[in-house]
Amino acid sequence: MIAFEVVFYASFAIFAAFLPGEAAVNAFNEGTTAFGTLAQFFAFGISAMGFLLLLHLLHARGFWTLIGPYADARRDLISVTCAVGLLLLVLELAPPWIEISALAEVRALSVWLTLVPVTLVALLIQVGTEEMVFRGYLQQQFACLSNSRWVWMGVPSLMFGSIHYWNGNGAAEGIAWAIWATCLGIACADLTARSGNLGAAIGLHLANNAFALLVVSVQGWPSSGVALFLYPYEDPALYAYGTEALMTPWFMFQLLVMLTTVYVMWLAARIAIKR
């Protein structure tokens with residue numbers, strides 16, 4: 001795992017080294033433009049190649065030992081992506097609606113529609129890499145060590161959740177992200193165990209990330225470069241609440257909504273794979 005961490009962090013430096021000029025490197029590091037946002041996710045491809053090389057060198061294993069049978073994985077990927085995507089579309093269309101008057105920018109529809117397929121490919125690389133590591137490799141490795149679901153589902157999910165702490169703007173928001181990502185990891189781990197392949201887990205993860213990136217964001221915030229609707233820039237420090245906010249009603253409600261969304265996505269995915 002330490003070796004993969006080294007490969008993961010090095011992959012972004014390697015990707016940046018091939019970019020044409022300082023402006024492109026700065027856009028990549030900031031991730032606030034369409035180019036920068038997409039480049040960050042495409043960079044996961046280098047992480048994936050490095051991980052697969054390590055897998056071969058350390059375990060003499062290949063790509064499909066992580067993914068599972070091709071036909072099953074492809075079927076589950078498509079069905080779960082569509083099912084969870086449809087669910088999230090319904091949730092987006094339900095109240096409370098986006099306040100158009102409060103927006104700073106609505107991206108040109110023709111430009112946004114052009115970005116959608118490219119974003120989906122970039123996200124497939126990103127979530128595919130993460131699922132190979134956490135639900136493919138780590139889940140299998142821990143299952144070899146223990147028959148307990150608490151171990152082979154729980155430990156990789158806790159590791160997955162912990163790295164999402166840094167998505168938050170402060171301690172409270174970081175903990176919310178970590179709890180949410182841990183539960184998402186458990187949902188993906190369960191789907192992997194039920195289906196025997198990574199297709200369903202990748203599909204759920206892909207649909208979730210696609211809606212998170214493509215619909216609403218804030219101008220100038222990381223990964224805001226492909227969103228259709230953009231709210232005016234606000235200093236992220238305004239949301240850097242400390243741990244004293246953890247037990248406030250607004251935090252508890254926000255976390256409940258986040259976890260409920262994970263639960264209904266998991267249900268939609270189970271219906272899609274009929275397991």
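If you're wondering where the values come from, they're calculated on a predicted model, not measured in any experiment.
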Sort out for me which residue in Val84, Ile78, Leu77 forms a side-chain contact (heavy atoms from CB on, under 4.5 Å) with Thr81. Leu77

Counting only N and O atoms by type, is there a donor-acceptor contact under 3.5 Å from the side chain of [X] to the main-chain atoms of [Y]?
| X | Y | answer |
| --- | --- | --- |
| Trp64 | Pro69 | no |
| Thr37 | Gly31 | yes |
| Arg61 | His56 | no |
| Gln139 | Pro156 | no |

Is [X] atom [atom1] crowded by more than 12 heavy atoms from other residues, nucleotides or ligands, each under 6.0 Å away?
| X | atom1 | value |
| --- | --- | --- |
| Trp250 | CH2 | yes |
| Asp235 | CG | yes |
| His59 | NE2 | yes |
| Tyr233 | OH | yes |
| Arg74 | CZ | no |
| Tyr70 | OH | no |

Taking all non-hydrogen atoms of both residues, which atom of [X] and which atom of [Y] are closest, and how far apart?
| X | Y | answer |
| --- | --- | --- |
| Leu87 | Ala268 | CD2-CB, 4.0 Å |
| Val80 | Gly203 | CG1-C, 3.8 Å |
| Met265 | Asn208 | CE-OD1, 3.6 Å |

Would you check if there is a donor-acceptor pair between the side chains of Ser11 and Ser47 at a distance under 3.5 Å? yes

For Asp72, which residues count as a salt bridge (charged side-chain N to carboxylate O under 4.0 Å, His left out) partner, sequence neighbours excluded? Arg75

All side-chain contact (heavy atoms from CB on, under 4.5 Å) counterparts of Ala171, not counting sequence neighbours: Tyr165, Thr243

List for me each residue that meets side-chain contact (heavy atoms from CB on, under 4.5 Å) alongside Ala24, sequence neighbours excluded, and say none if there are none. Leu19, Pro20, Phe35

Can you confirm whether [X] sits close enough to [Y] that some side-chain heavy atom of one is under 4.5 Å from a side-chain heavy atom of the other?
| X | Y | value |
| --- | --- | --- |
| Val155 | Met159 | yes |
| Gln40 | Phe28 | yes |
| Phe12 | Asn29 | no |
| Leu115 | Arg107 | yes |

What's the verdict on ring-ring contact (aromatic ring centres under 6.0 Å, His included) for Tyr137 and Phe142, showing C-alpha distance, side-chain angles and the deciding distance? CA-CA 9 Å; Tyr137 177 69; Phe142 278 106; 9.1 Å; no

Mind checking who shares a hydrophobic cluster with Trp150, ILVMFWY linked at side-chain heavy-atom distances under 4.5 Å? none

Got a sec, which pairs hit ring pair (Phe, Tyr, Trp, His ring centres under 6.0 Å) with one end in residues 184-208, sequence neighbours left out? Phe160-His205

Assign the ring pair Trp177 / His164 to parallel, tilted or perpendicular, where the plane angle (0 to 90°) is split at 30° and 60°. parallel

Partners meeting ring-ring contact (aromatic ring centres under 6.0 Å, His included) with Phe41 (sequence neighbours left out): none

